[in-house]
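Okay, so here's the structure we're looking at.
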Number of protein chains: 2
Amino acid sequence: MAAFRLLPDAKHFTGGGKTLSEEGESGLAVRRPQRDETKPSRQLEVAGARGPEPVQTLAETVAARIREQVISGMLTPGSHLSELTLSEELQVSRNTLREVFRLLTKEGLLRYEANRGVFVSTPSMSTIIDIYRVRRFIECSAMAQAHPRHPGARNMRAAVETAHHCREARDWLGVGSADIAFHAAVVELADSPRLSSFYAQISLELRLVFGLLQDPEFLHGPFIDQNLTILTELENGRPAVATEMLEAYLLRAERFILGAYARIAER
Amino acid sequence: MAAFRLLPDAKHFTGGGKTLSEEGESGLAVRRPQRDETKPSRQLEVAGARGPEPVQTLAETVAARIREQVISGMLTPGSHLSELTLSEELQVSRNTLREVFRLLTKEGLLRYEANRGVFVSTPSMSTIIDIYRVRRFIECSAMAQAHPRHPGARNMRAAVETAHHCREARDWLGVGSADIAFHAAVVELADSPRLSSFYAQISLELRLVFGLLQDPEFLHGPFIDQNLTILTELENGRPAVATEMLEAYLLRAERFILGAYARIAER
DNA sequence: TGCAGCTTGATTGTTCAACACTATAGACAT
DNA sequence: ATGTCTATAGTGTTGAACAATCAAGCTGCA
């Protein structure tokens, strides 16, 4: 799964570059239909089979694609997303693209500037602080009231395992995803769809931060073992201990990220 | 650059308690201002606006308007919002309206159904349960860690006072707003912009529920005094007591709302 | 030189009219 | 009544237009 199709180069989006990708082949791009000749079905479906959401509108598909571009670091924070250029590259109309921008702006990944367009939002120091405040707030509360045999715990375990696999494979992006999945599972313990979806949004912003920082091994490496310990405490019926460890984890992670951020910011 | 400017046809957007439909345009059928004659500046700004966001795009303005229609109960849950009809009534193009729909869908006020359009989302029993779960989760945590002299406390007091004024004036919609403002101020105690904006969204959904229920006096009346008590406890340096009372308040309110909901649902 | 004002592209904001696709309501046959 | 078929209305998406705005280059002139 997760076969990311990525644009050749992020520089295309920074306004300056001129090399447009021709990219005539598959992916999920629809070919521009010529009115009089062949008319390919424009209503498209997404490859991924599972999911109770069989239809997805073009705007949502494109949104998902740009989202991936952003969190994979291919679209760097601060870069300008030109409506014209992007609509040509992604083979969608400007109108559709604008709908996409609305979606992603609400998600916090993009930022509007009046009459100047959209930019990939650039997390600041205070962004990081706020994100971690929210994380402590939500995750710790969820953990504190958790039942050890809650289904969320199973997802936590699964996340820990994939994290280990990815570490062995030196797939640091995967490790990051698994780490986030672990903590999303923690939030699941609270049994609240709204809380979970909010947390998912926060995670997205966090990934933006991760993309900003280099050296992902150093970034995620030290933390995946702590996740395992926390999970074990929970499973052994000591949610209070697990909560305490979780809070310590989050405080440490925050300091860690802030430090890395400051280091690259002072350049 | 912060010069405020009202555009000529801003009156269209100040909706005066009437339906969405427009006052009868002189001349015949829905004619939109043609380019060469009247040219109202379409780039508009909102008057009040103490925020750092001086400019507002048409889509955002329209979104604000529909939002009000929804929470004021003028647009009832479940009703279908036709793109064509609404775009004519609001004097905006279908494309702009679709951007608006994207915005409001992300906010949870509207719901998309593939190829069938958007509907005002209808809160269910589980919606209410989830909303109150989140409220207890967030508000209680915020209260528990609050400092008595936090600026949020001032806002809490202000909300209590307007609630009383509105009650005297029999303005029950105002009472509802003040109640929500009070609890938003509670969340402010946590000092997290993201948490506050999330809570604002939850509040919106809750207002949707309120709009569904009749008898607003019965709905809000009993609760505004409890807010005052909670505030007093906080100000007197007993956040623990305040938290306890807050949780009790929320549990009671949830039962209350659920009961009212069930009563109207079985009809 | 320095700088205020004007001109000029480039880009966003918004609209329009068209067409493709889908769902639903009737008409019809069973 | 039940099921199939066809209009039809409404959504999904497009490309082209124009208006409003921003950014930068150019001018004229103290």
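Sequence lines set the chain letters: A, B, ... in the order given, protein chains first and strands last, and positions in each chain run from 1.
Regarding B/Arg102, its CZ atom lies at a distance of 11 Å from the C1' atom of D/dT11, rounded to whole Å. Regarding A/Glu88, its CD atom lies at a distance of 11 Å from the P atom of D/dA16, rounded to whole Å. If you measure from atom CG of A/Leu58 to atom P of C/dC21, you get 13 Å, rounded to the nearest angstrom. Between the CZ atom of A/Phe101 and the C1' atom of C/dG13 there is a distance of 13 Å, rounded to whole Å. D/dT14 atom P lies 11 Å from atom CG of B/Asn95, rounded to whole Å. Between the CD atom of A/Gln56 and the P atom of D/dT13 there is a distance of 10 Å, rounded to whole Å. Between B/Leu97 atom CG and C/dC16 atom C1' the separation is 15 Å, expressed in whole Å. Taking atom CD on A/Glu113 and atom C1' on C/dG13, their separation rounds to 15 Å, with Å as the unit.
Atom CG in B/Leu206 sits 9.5 Å away from atom NE2 in B/His183 (nearest 0.5 Å).
One finds a side-chain N or O of A/Thr96 lying less than 4.0 angstrom from the OP1 or OP2 phosphate oxygen of D/dT14. Phosphate contact (OP1/OP2 of C/dT11, side-chain N/O of A/His80, threshold under 4.0 Å): absent. The side chain of A/Thr57 contributes an N or O atom lying less than 4.0 Å from OP1 or OP2 of D/dT13.
Checking each of B/Val100, B/Leu104, B/Leu103, B/Leu86 against B/Val62 for a side-chain contact (heavy atoms from CB on, under 4.5 Å) leaves exactly one that passes, namely B/Val100.
Between B/Glu107 and A/Lys106 there is a salt bridge, since a side-chain N of the basic residue sits under 4.0 Å from a carboxylate O of the acidic one.
Between A/Arg94 and A/Ala59, the residue whose closest nucleotide on DNA chain D is further toward the 5' end is A/Ala59.
You won't find any donor-acceptor pair under 3.5 Å spanning the side chain of A/Arg116 and the base of C/dG13, going by distance alone. The base of D/dG10 has none of its N or O atoms less than 3.5 Å from a complementary donor or acceptor on the side chain of B/Asn115.
Among pairs with a residue in residues 98-135 of chain B, those fulfilling ring pair (Phe, Tyr, Trp, His ring centres under 6.0 Å) read B/His80-B/Phe119, at least two apart in sequence or across chains.
Between the side chains of B/Arg111 and B/Thr122, no donor-acceptor pair of N or O atoms lies under 3.5 Å.
Among the atoms of the strands shown, only primed sugar atoms or phosphate atoms (P, OP1, OP2) are found under 4.0 Å from some heavy atom of B/Leu81.
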